[in-house]
Amino acid sequence: MLKEGRMADGRVVIIGAGQAGYQTVASLRQEGFEGPISLIGDEGRPPYQRPPLSKTFVKEDSPPEALWLQSEEFYANNGVEARWADPAFVIKADAKTVELASGEVIEYGHLVLATGARNRKLSIPGVELDGVTDLRTASDALILRDRIGRAQRVVVIGAGFIGLEIAATARALGCEVTVLEAAPRIMGRAVSEELSAHCFDRHRAAGIEIHLDASVERIVGETRAEAVALSDGPQLPADLVIVGVGVLPNVEVAEAAGLAIDNGIAVDASLRTTDPAIMAIGDCASFPTPEGALVRLESVQNAADQARLVARNIAKPDEAQDYAAVPWFWSDQGDLRLQMAGLTSGASERITIGARADNAFSLLCYDGDKFLGVESVNRPADHMAARRLMAVGGAPTRSDARDPEFDLRAFAKSRL
Ligand code: FAD
């Protein structure tokens, strides 16, 4: 609650106690910011890591606290006024206030929107049946852990990163697993055709059935899910149906405040929204790349690096910088450790180093002569080398990469 006499000008209010919210707090203090900070959450727990939710967490019996990025004391010790279960409802940009669900009103000097994304819902009959679930939060993961431990036949709708991670996890737990994907290939939005094809083969070899171009018509059952019906095929029996069909950015509070929205909360190169006192970062923000494309990325690296930049710009406004970090992402799916450095979707050519047959290779991606980045399977050293090279603007040429003896690690070592 705004108390009389409080210096509100310098207060940083962060909406969203997730990966980006946590990192903003930590970086503000690391950068020497001494003003008041409020962190506003709505999940009833401090910020935690989401990546293990679809990988290890559902297989184990560890408590959600094991995922926390910091203990509750960390926030108290750093002078952070935290609300773990009191969502921000209204931003009044003119008055520079945020109103929470409880009615509390907090004044800000800087407002950081780190509201993340929520799962896209399927609108087909049967999604409300018992035994149909999805995964975004630790609470979802606790439900899924309980269900997956008892399931025999699992159908996953959606072959994106999270769907395939859960599919691999369910398979490792001994379930019969079928994945249904509407597109002609898996992970089609995020990785190259070569990588899709390799992962498709590996998942199939691990015993996961995958249907591409699948049109899911409905989920069948009286009160519990019993099967998934395709519009042009047989019903697939299921005692657990997991929906992983992408996310929508949480933009509603920003939109109601009059901020520009463009596939996320639109920000400029320094991550400011159309109101200069309000910044947006992480999964909810769509930002211009140094090349001028507008992108919204869903990754820990993006959330954390954007938070670091915003914190530095608030703490040291005279040294304010634009966002230019090299994007990277990973996904663990059974025996596939996928790592992507750079934004590679516009590649016209991919040069392979390593061997697909060994399940360990990297694809160096080019658009003409321009090096876009590297997609790696079980080659972490290539991934690290690519990130280091890209951070300094260095890159192998196509003829370097085509040399059968080409070694990306050695190349990076010679250049850095
Ligand atoms: P979030 O971490 O989602 O945090 C946003 C928070 O804001 C949430 O707690 C939300 O409830 C809250 N919020 C929303 N609106 C309000 C409001 N009005 N008031 C208060 N609070 C609000 N990334 C990787 O790089 N590698 C991986 O392997 C990987 N695996 C993943 C696996 C799973 C199962 C999931 C769900 C995600 C995974 N990700 C992975 C993505 C990564 O976790 C996200 O990109 C990252 O968490 C984004 O951070 P964020 O702070 O922007 O959003």
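Just so you know, ligand 1 is whichever comes first in the structure, and atom 1 is the first atom listed for that ligand. Just so you know, residue 1 is the first one in the sequence shown, and it goes up from there.
- The nearest protein atom to atom 18 (N) of ligand 1, hydrogens excluded, is given as A88 O, 3.0 Å; this is a heavy-atom distance.
- Every N/O-N/O distance between I162 and ligand 1 stays at or above 3.5 Å.
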Side chains of residues 188-195: which donor-acceptor partners sit under 3.5 Å, not counting sequence neighbours?
| residue | atom | partner | partner atom | Å |
| --- | --- | --- | --- | --- |
| S192 | OG | L195 | N | 3.3 |
| S192 | OG | E375 | OE1 | 2.6 |

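- Closest protein heavy atom to atom 41 (C) of ligand 1: E298 O, 4.2 Å.
- Comparing R136, R83, R45, E165 against atom 3 (O) of ligand 1, the shortest heavy-atom distance belongs to R136.
- Residue nearest to atom 28 (O) of ligand 1, selected from M340, R50, K55: K55 (by heavy-atom distance).
- Distance from atom 24 (C) of ligand 1 to its nearest protein heavy atom, with residue and atom name: F329 CE1, 3.4 Å.
- Atom 9 (O) of ligand 1 has E43 OE2, 2.5 Å as its closest protein atom, hydrogens excluded (heavy atom only).
- Between S54 and ligand 1, no N or O atom pair is found at a separation short of 3.5 Å.
- Annotation: W84 is in aromatic contact with Y75 [ring centroid separation under 6.0 Å].
- Nearest-heavy-atom check against atom 40 (C) of ligand 1 across P51, A101, A85, G116 picks out P51.
- Side chain to side chain, E181 and H211 fail the donor-acceptor criterion of an N or O pair below 3.5 Å.
- Near Q19, meaning under 4.0 Å from one of its heavy atoms, ligand 1 places the atoms 2 (O), 47 (O), 49 (O), 51 (O).
- Side chain to side chain, R83 and S38 fail the donor-acceptor criterion of an N or O pair below 3.5 Å.
- For S102 and D86, the side-chain atoms include at least one donor-acceptor pair closer than 3.5 Å.
- Both the backbone and the side chain of T115 come within contact range of ligand 1, each with a heavy atom under 4.0 Å.
- Within ligand 1, counting atoms from 1 as listed, the ones closer than 4.0 Å to a heavy atom of A303 are 48 (C), 49 (O).
- Each of the atoms 14 (C) of ligand 1 lies under 4.0 Å from some heavy atom of N250.
- Between A20 and ligand 1, at least one pair of N/O atoms sits closer than 3.5 Å.
- Numbered from 1 in the order shown, with element, the atoms of ligand 1 that lie under 4.0 Å from a heavy atom of G282 read 52 (O).
- Two residues are said to be in side-chain contact when any heavy atoms from C-beta on lie closer than 4.5 Å; L271 and L309 meet this criterion.
- Surrounding CZ of R409 are at most 12 heavy atoms belonging to other residues, nucleotides or ligands under 6.0 Å away.
- Of the protein's heavy atoms, G18 CA, 3.3 Å lies nearest to atom 4 (O) of ligand 1.
- Under a 4.0 Å heavy-atom criterion, A114 is in contact with ligand 1.
- At a threshold of 4.0 Å, the pair K316-E31 counts as salt-bridged, since one of the basic side-chain nitrogens sits closer than that to a carboxylate oxygen.
- N250 and R118 share a side-chain donor-acceptor pair at under 3.5 Å.
- Below 4.0 Å from some heavy atom of I15 lie the following atoms of ligand 1, by number and element: 17 (C), 19 (N), 20 (C).
- With a 4.0 Å cut-off on non-hydrogen atoms, W330 touches ligand 1 through its backbone as well as its side chain.
- Judged by distance alone, the side chains of S27 and Q23 do bring a donor and an acceptor atom under 3.5 Å apart.
- The minimum heavy-atom distance linking Q70 with P46 is given by the pair O-CB, 4.3 Å.
- Listed by number with element, the atoms of ligand 1 under 4.0 angstrom from any heavy atom of S299 are 23 (N), 25 (O), 45 (O).
- Pairs passing the salt bridge (charged side-chain N to carboxylate O under 4.0 Å, His left out) check and including a residue from residues 33-49, sequence neighbours excluded, read E43-R50.
- With hydrogens left out, the protein atom closest to atom 10 (C) of ligand 1 is D42 OD1, 3.4 Å, a heavy atom.
- When the options V374, V377, T352 are evaluated for a side chain to side chain contact (heavy atoms under 4.5 Å, CB included) with L363, the one that passes is T352.
- A salt bridge does not link D140 with R145: every distance from a Lys NZ or Arg NE/NH1/NH2 to an Asp or Glu carboxylate oxygen is 4.0 Å or more.
- Distances below 4.0 Å separate heavy atoms of P87 from the following atoms of ligand 1: 19 (N), 20 (C).
- Annotation: S331 places no N or O atom under 3.5 Å from an N or O atom of ligand 1; distance criterion only.
- When all heavy atoms of F329 and H383 are compared, the pair lying nearest together is O-CE1, 4.4 Å.
- Remark: ligand 1 atoms within the under-4.0 Å shell around heavy atoms of I40 are 20 (C), 21 (N).
- In terms of protein heavy-atom proximity, atom 7 (O) of ligand 1 is closest to G16 CA, 3.2 Å.
- Judged purely by atom type and a 3.5 angstrom limit, T273 uses its side chain to pair as donor or acceptor with the backbone of I278.
- With a 4.0 Å heavy-atom cut-off, ligand 1 is reached by the backbone of V300 and by its side chain too.
- The nearest heavy-atom contact from the protein to atom 48 (C) of ligand 1 is D283 OD1, 3.1 Å.
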